[in-house]
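Residue numbers begin at 1 in each chain, while the letters A, B, ... track the order of the sequences. The basis for the numbers below is simple: all heavy atoms, side chains too, and nothing from hydrogens, waters or symmetry mates. Just so it is clear, the model here is predicted, and its values are computed rather than measured.
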Number of protein chains: 2
Amino acid sequence: MCTGPRPRNAAATRTAILDAARERFAADSYDDVGMRDIARDVGVDAALISRYFGSKDELFLAALDSCGDGSQLMQGDKADFGRRVSHEIVYEPKKAEKLKAMSIMLRSVGSARAAEMVQNTCAARFFGPLEEWIGGENAVVRARLLAGFLMGMSVSRELGGGQFSLTPDEAEEMRQRLEVILQNLIEG
Amino acid sequence: MCTGPRPRNAAATRTAILDAARERFAADSYDDVGMRDIARDVGVDAALISRYFGSKDELFLAALDSCGDGSQLMQGDKADFGRRVSHEIVYEPKKAEKLKAMSIMLRSVGSARAAEMVQNTCAARFFGPLEEWIGGENAVVRARLLAGFLMGMSVSRELGGGQFSLTPDEAEEMRQRLEVILQNLIEG
DNA sequence: TGGCTTTGTCAACGCCTGTTGACAAGCGTT
DNA sequence: AACGCTTGTCAACAGGCGTTGACAAAGCCA
């Protein structure tokens, strides 16, 4: 806030736009995110975005690209994966949302144009590394199931009203079940 | 095609609109479905839809309502659930899509307005019956996990390019793993 | 200082959207 | 036949969208 007049710095502005776009596209669907919204976040005219990134499509792709490869998910001990991730999903959804790439993918399901763009990036950027990290027999299948499961939990939470709306006991029960399933998928 | 002039039948036209809307909303996101698209499907002017259903929002809700309660999922033997559903998911995705309600929900994740509308209907129409059918201890949690898992698989397939793009062996491996997970959730 | 490129703003364009009110045609009733 | 209600079409509106080209101002170089 109160940043004063934006200093003339193309590089900084560019990344500021990219950051804002990433955040917006992770929070709303492709169609619901307007160029003017992003521009307002940055404190810039919408026209500038078009000039820097060419088009909304290209901005979207750039934002998706800038998310990294989801390596946050793969940090830490494999033996602890189930416990760690299940805890984040159930008790710290905000933290789990740090996987911006997954959020963006999720928001794009359904929107024909966005889904098409995601498909290309998705395999190389997300499924690939995950599959490699999991390793072992049938890594392809297990990675696919894992990714699907994680996204499904996001969908379920979202449609449940932003919360799982469970009692503490139920939440813990859910976490334990999640832990088992996830860990089984990791260990083969 | 070539249906000639539409006979003057309000009731029939109304349900025709509802059918077309259900199909459209199950195939594309709320934003991507236009009133004129639905109207064209039915062979009617878009204005008529507004007059019959009031607004796009109300049409969407009516379409969602008309999907039933997902009871197709719960038909058949419980002991066979895992095998049956895993088979549909992996080998007959088109058939699995018959769960229009789930498709619509899925397409709506992300679109702020649609998601809000879905949230209210969702719990009563889908999670509720599923939870009741599953029964037993912690039915709430197990139903939630099950629904999340099913939707996640849809997302995963969609983002994988409309296919799982696996070898036959991998597909079967996936089906078997799915079967185990699903059946475990059903049986408690 | 004067010119030139970069960085950003502004107004406007064409397009598409959901919705509205006026109008045409069908059909039953009196 | 003449009325009136229903069913449907048509043209238009206001608002939002992404994008464009002309213009202002800042900084750099000679």
Can you tell me the distance, in whole Å, between the CG atom of D31(A) and the P atom of dT17(C)? 11 Å

Take atom CZ of F53(A) and atom P of dT20(D), then tell me their distance rounded to the nearest Å. 15 Å

Regarding R144(A) and the six-membered ring of F127(A), is the cationic atom NZ or CZ under 6.0 Å from the ring centre and inside 45° of its axis? yes

Can R14(A) be said to sit on top of F53(A)'s aromatic six-ring, NZ or CZ under 6.0 Å from centre and within 45° of the ring axis? yes

Start at the 5' end of DNA chain C and walk down; is the nucleotide closest to D45(A) or to R36(A) reached first? D45(A)

Between W133(B) and F81(B), what is the ring plane arrangement, given parallel below 30°, perpendicular above 60°, and tilted in between? tilted

R51(B) atom CZ is separated from dC10(D) atom P, nearest whole Å, by 14 Å

Starting at atom CD1 of I38(A), determine the distance to atom C1' of dT19(D), rounded to an integer number of angstrom. 14 Å

Distance in angstrom units between K56(B) NZ and dT19(C) C1', rounded: 12 Å

Side chain of Y52(A): nearest nucleotide among dT7(C), dT20(C), dC10(C)? dT7(C)

For T13(B) and dT7(D), is the shortest distance between a side-chain N/O and OP1 or OP2 below 4.0 Å? no

Atom-to-atom span, CG of L48(B) to C1' of dG18(C) - whole angstrom: 15 Å

If you count the non-hydrogen atoms of other residues, nucleotides and ligands that lie under 6.0 Å from CZ in R177(A), is the total more than 12? yes

Please state how far atom CZ in R14(A) lies from atom P in dT6(C), giving the value in whole angstrom units. 16 Å

To the nearest Å, how far apart are M35(B) CE and dG8(D) C1'? 15 Å

Report yes or no: is there a donor-acceptor pair, N or O only, under 3.5 Å between the side chain of R8(B) and the base of dG26(C)? yes

